[in-house]
Amino acid sequence: MSIVLDVREVWKAYGNLEVLKGVTFDVGEKEVKVVFGPSGSGKSTLLRCINMLNPPDKGEIYLKGKSLMEEGVDLNSMRSRIGMVFQQFNLFSHLKALENVTIGPQKVLGMEKEDAINRAHIALNQVHMMEWIDHYPAQLSGGQQQRIGIARALAMDPDVILFDEPTSALDPELIGEVLQVMLDIAQAGTTMIVVTHEMGFARAVASEMFFMDEGVIVESGTPNHFFTTPENERVKQFLHRLEVLYGGQNTEE
Amino acid sequence: MTGSGNIHGFTLLQYGLVSYFDELAQSFLITMELYIVGLVLGFSIGLTFAIMRQYGGRIFSRIATAYIEVIRGTPLITQVLIIYALPVAINMSGIASLPLDWYYYYLDSQGRIAITLNWPILSSMIGLGINSAAYQAEYLRGAFASITTGQLQAATSIGMTRWQSIRHVVLPQGLRRAIPAWSNEAAYLPKYTVVAIWVGVMEFLNMAKTVVAKTFLSVEVYLIVALTFFVLITLVSRFLEYIHNRTKIPGV
Amino acid sequence: MQERDFSSLLAFIITAGLPATLLLTVAGLGMGFLIGLALALIRVYAEDEIAVIAQAYENVFRGIPVLVLMLLFLVMTGWPALFSAGLALGLRSGAYQSQIMRGAILSVNENQVTAAYALGMDRMQTARFIVLPQAFRLALPGWSNEYAVVTKDTAWAGAIGVLDMVKSVDYLIFENPILYLPAILAVTIIYFVLTYPITRYAGEKMTKRLSSLGLGGNY
Ligand SMILES: Nc1ncnc2c1ncn2[C@@H]1O[C@H](COP(=O)(O)OP(=O)(O)OP(=O)(O)O)[C@@H](O)[C@H]1O
Ligand SMILES: [Mg+2]
């Protein structure tokens with residue numbers, strides 16, 4: 001299996017605050033890696049380092065063997081190969097749903113309008129949003145907006161998609177529709193890194209899970225490992241608290 | 001010192017303009033007079049309308065809204081011209097006979113008559129005041145509107161009447177909050193005093209025009225006028241900024 | 001008989017004066033738009049040293065009476081009064097429109113920019129396809145206000161000899177001074193008709209429409 005993303009010893013500080021202290025992992029093709037851990041542990045920072053929105057201070061990041069940290073690398077074209085789905089959706093509010101999905105292929109990949117629309121239709125079908133393509137983001141529910149956000153990332157046909165707590169801004173009754181879409185695309189073979197506390201989702205599709213705390217990966221393993229024999233005390237406590245909060249692993253299926 | 005034109009220009013600047021310094025200074029006083037009276041008048045009327053619009057009930061708030069929108073929708077120049085022409089029209093119509101040729105003056109250092117108030121000046125002041133009032137009212141009302149209803153409920157809960165709570169709760173908080181926006185209006189009002197030219201007042205720019213007519217140093221004179229207004233406005237706005245910082249209350 | 005005098009005066013105001021008023025408004029706003037957009041982009045995106053120049057431009061043109069600007073351009077360029085007046089209105093409106101546009105650009109939500117970068121857009125593409133389209137919409141209420149300001153300020157042009165609506169009243173008034181007040185009132189009403197519906201529409205309808213698009217002010 002070929003490595004899509006290779007993250008080596010990534011360090012990042014904001015001023016005096018060390019947020020990432022040497023994070024290392026890799027993601028193979030069609031793998032889904034789930035990152036979880038307490039608030040402030042550096043999960044979002046890790047994702048923003050990976051697509052160089054906040055470049056790391058130290059370390060190496062390779063996308064299909066090509067370094068993102070090298071001098072003179074075309075970051076914009078590298079970023080176009082890394083999809084991102086945001087906690088707050090971040091849809092372009094002046095564009096209709098369809099335009100939100102076509103703008104990347106058209107303006108960044110330089111596709112003809114027609115081709116971009118074709119590609120957008122495929123992505124929108126995958127997230128079951130074809131009926132809503134003429135709506136502005138403000139006219140859509142949070143769950144619908146997030147599905148457009150996922151379609152926007154899919155339409156770029158990226159090597160990997162990063163999800164930053166994609167369901168944590170949603171009302172409970174809307175979480176399911178987004179998780180279902182994520183499950184579908186994961187099973188269809190999309191390479192993904194997902195920051196989430198939805199353990200049901202993790203259990204269903206994660207090839208590996210990382211528990212992050214204070215800027216390092218404290219423990220990693222399969223979902224089965226985490227749900228049966230977690231080692232680290234902090235991991236146990238954290239999983240226990242999640243269970244109390246969300247009522248176990250029943251969020252999906 | 002090569003071309004005689006240079007020397008000529010230099011002497012004109014030296015002696016030509018300096019000899020008009022007195023007149024320009026005097027006319028600048030008229031400009032300041034227009035500014036200050038206009039500002040104070042505008043504040044009084046503006047505050048009244050702001051309170052009417054925010055707390056006056058349906059009828060008063062309608063009246064205040066209409067006033068503000070009509071004034072803001074029409075040019076200052078025609079407002080001043082209307083006020084200026086009103087008594088003239090009344091006299092012409094024969095309804096009444098209003099005296100319009102009165103004036104107050106003082107004698108300047110050279111014994112010349114310097115008029116400080118007459119109908120053209122007064123009508124300009126009224127026009128500036130009425131006009132500025134509409135803008136000031138909007139800034140004040142915005143500040144009043146930002147005071148939470150909780151503050152008013154608290155005032156009512158300790159037994160204050162509506163007027164008392166406006167007087168003791170809304171005004172002290174609202175006026176302070178209005179300072180930044182209000183400062184903008186206050187600092188830029190000097191620009192609009194030149195409207196008095198339209199009714200023949202010898203304010204700063206009008207005097208500058210007569211100096212231009214006599215010296216032909218048009219660019220120099222108008223640049224001086226521009227610079228004077230720019231400096232005045234910058235100073236006033238710096239000053240108000242300073243006041244604002246001095247009167248800050250934590251959390252307000 | 002007086003009736004007919006007034007209506008012929010009104011006709012003169014509209015045929016002789018209104019064109020200059022409208023022309024100056026369009027010219028001032030159009031020129032101000034280009035200058036304002038350029039200044040705003042400079043203030044937001046350019047290096048500090050250059051941005052300071054743009055800010056100085058704003059301060060200077062906001063701190064000088066528009067009539068003084070008109071007079072200055074008149075004596076400096078020797079152009080016809082109409083051109084000088086238009087130039088003064090345009091340069092000054094540029095200073096105000098820069099502030100409007102800059103405020104609008106800055107109020108475009110940061111996460112819109114993040115999302116654009118994450119798609120792989122460069123700075124130019126992000127500005128062109130995401131930030132500016134949103135900023136133009138956010139600036140609409142401010143622009144409608146600026147339209148009213150420029151329209152009203154065209155009246156200053158009469159003081160340097162442009163035959164606009166206010167000035168046109170002077171032309172006929174010697175014959176019939178009693179009509180002065182009604183004529184000025186009529187001019188005032190025409191100004192109100194020109195400005196109020198547009199500011200009202202933009203003020204209310206646009207704000208509503210904007211917030212329905214999630215583009216409202218404080219979001
Ligand atoms: N732009 C920034 N400037 C300064 N500090 C920041 C910045 N972004 C994040 N931080 C800090 O870095 C730390 C890690 O933040 P990060 O957002 O990566 O955490 P997280 O694990 O995603 O948390 P959450 O679960 O709350 O989203 C926090 O202490 C945060 O306050
Ligand atoms: Mg986060």
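Quick note: numbers below take in every heavy atom, side chains included, and nothing from hydrogens, waters or symmetry partners. Within every chain, numbering begins at 1; the chains are lettered A, B, ... in the order of the sequence lines, protein sequences first and strands thereafter.
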Revision key, fill the gap. Whatever's closer than 4.5 Å to a heavy atom in chain C on B:V195 counts as both
Point to revise | Test item: B:T78 side-chain N/O and C:I184 main-chain N/O as donor-acceptor pair under 3.5 Å | key: no
Check your understanding: Any side-chain heavy-atom pair from C:L74 and B:Y222 closer than 4.5 angstrom?
Key -> no
Review point. Pick from C:T151, C:V187, C:L72: which one has the most heavy-atom pairs with chain B under 4.5 Å?
Key: C:L72
**Study point:** Under 4.5 Å from any heavy atom of chain C - which part of B:L232
**Key:** neither
Check your understanding: Checking side-chain contact (heavy atoms from CB on, under 4.5 Å) for the pair C:N145/B:R72: CA distance, chi angles, key distance, verdict?
Key -> CA-CA 10 Å; C:N145 208 42; B:R72 283 162 50 112; 4.2 Å; yes
Review point. Do other residues, nucleotides or ligands put more than 12 heavy atoms under 6.0 Å from C:F83 CZ?
Key: no
Exercise for review: Could you tell me whether C:Y45 atom OH has more than 12 heavy atoms of other residues or ligands within 6.0 Å of it?
Suggested key: yes
Exercise for review: Under the side-chain contact (heavy atoms from CB on, under 4.5 Å) rule, what do B:L81 and C:Y180 come out as? Steps first, then yes or no, please.
Suggested key: CA-CA 9 Å; B:L81 289 175; C:Y180 186 75; 3.5 Å; yes
Practice item. Find the distance between CZ (C:R62) and CG (B:N184) and round it off to the nearest 0.5 Å. Key: 5.5 Å
Exercise for review: Measure distances from B:A226 to the heavy atoms of chain C and classify the residue's part below 4.5 Å as side chain, backbone, both or neither.
Suggested key: both
Practice item. Give, for atom CD1 of B:I82 and atom CG of C:L181, the distance between the pair rounded to the nearest 0.5 Å. Key: 6.5 Å
Exercise for review: Against chain C, label B:I197 side chain, backbone, both or neither, depending on which of its atoms sit under 4.5 Å from a heavy atom there.
Suggested key: side chain
Check your understanding: Quick one: what part of B:V70 sits under 4.5 Å from any heavy atom of chain C, side chain, backbone, both or neither?
Key -> both
Check your understanding: Where does C:A159 contact chain B at under 4.5 Å (heavy atoms): side chain, backbone, both or neither?
Key -> both
**Study point:** Partner chain B: residue of C:M165, C:R200, C:K152, C:M76 with the largest heavy-atom pair count (under 4.5 Å)
**Key:** C:K152
**Study point:** Worked verdict on C:L71 versus B:L205 for side-chain contact (heavy atoms from CB on, under 4.5 Å)
**Key:** CA-CA 10 Å; C:L71 282 164; B:L205 180 57; 3.8 Å; yes
Study note, to complete from the structure: Whatever's closer than 4.5 Å to a heavy atom in chain C on B:Y188 counts as side chain
Study note, to complete from the structure: Distance col, row C:F192:CZ vs B:E69:CD, nearest 0.5 angstrom, shows 6.5 Å
Review point. Where on C:P177 is there a heavy atom nearer than 4.5 Å to chain B: the side chain, the backbone, both, or neither?
Key: both
**Study point:** Engaged part of B:L86 at the chain C interface, taking heavy atoms whose separation is under 4.5 Å
**Key:** both
Point to revise | From OG1 (C:T188) to CD (B:Q79), nearest 0.5 Å | key: 7.5 Å
Point to revise | chain C contact via B:S218 - which portion, at a heavy-atom distance below 4.5 Å | key: both
Review point. Roughly how far apart are B:K209 NZ and C:L67 CG, rounded to 0.5 Å?
Key: 6.5 Å
Practice item. Could you give me the CA-CA distance, side-chain angles and deciding distance for B:W198 and C:W156, then say whether side-chain contact (heavy atoms from CB on, under 4.5 Å) is met? Key: CA-CA 9 Å; B:W198 285 83; C:W156 293 102; 3.9 Å; yes
**Study point:** Residue C:V66 versus chain B: region with a heavy atom under 4.5 Å
**Key:** neither
Study note, to complete from the structure: side-chain contact (heavy atoms from CB on, under 4.5 Å) with C:V68: of B:V225, B:L223, B:L227, B:T228, only one passes, and it is B:V225
Exercise for review: Inspect the surroundings of CG in B:N245 and state if more than 12 heavy atoms from other residues, nucleotides or ligands are less than 6.0 Å away.
Suggested key: yes
**Study point:** Heavy-atom closest contact (B:V194 atom, C:P65 atom, distance)
**Key:** CG2-CB, 4.0 Å
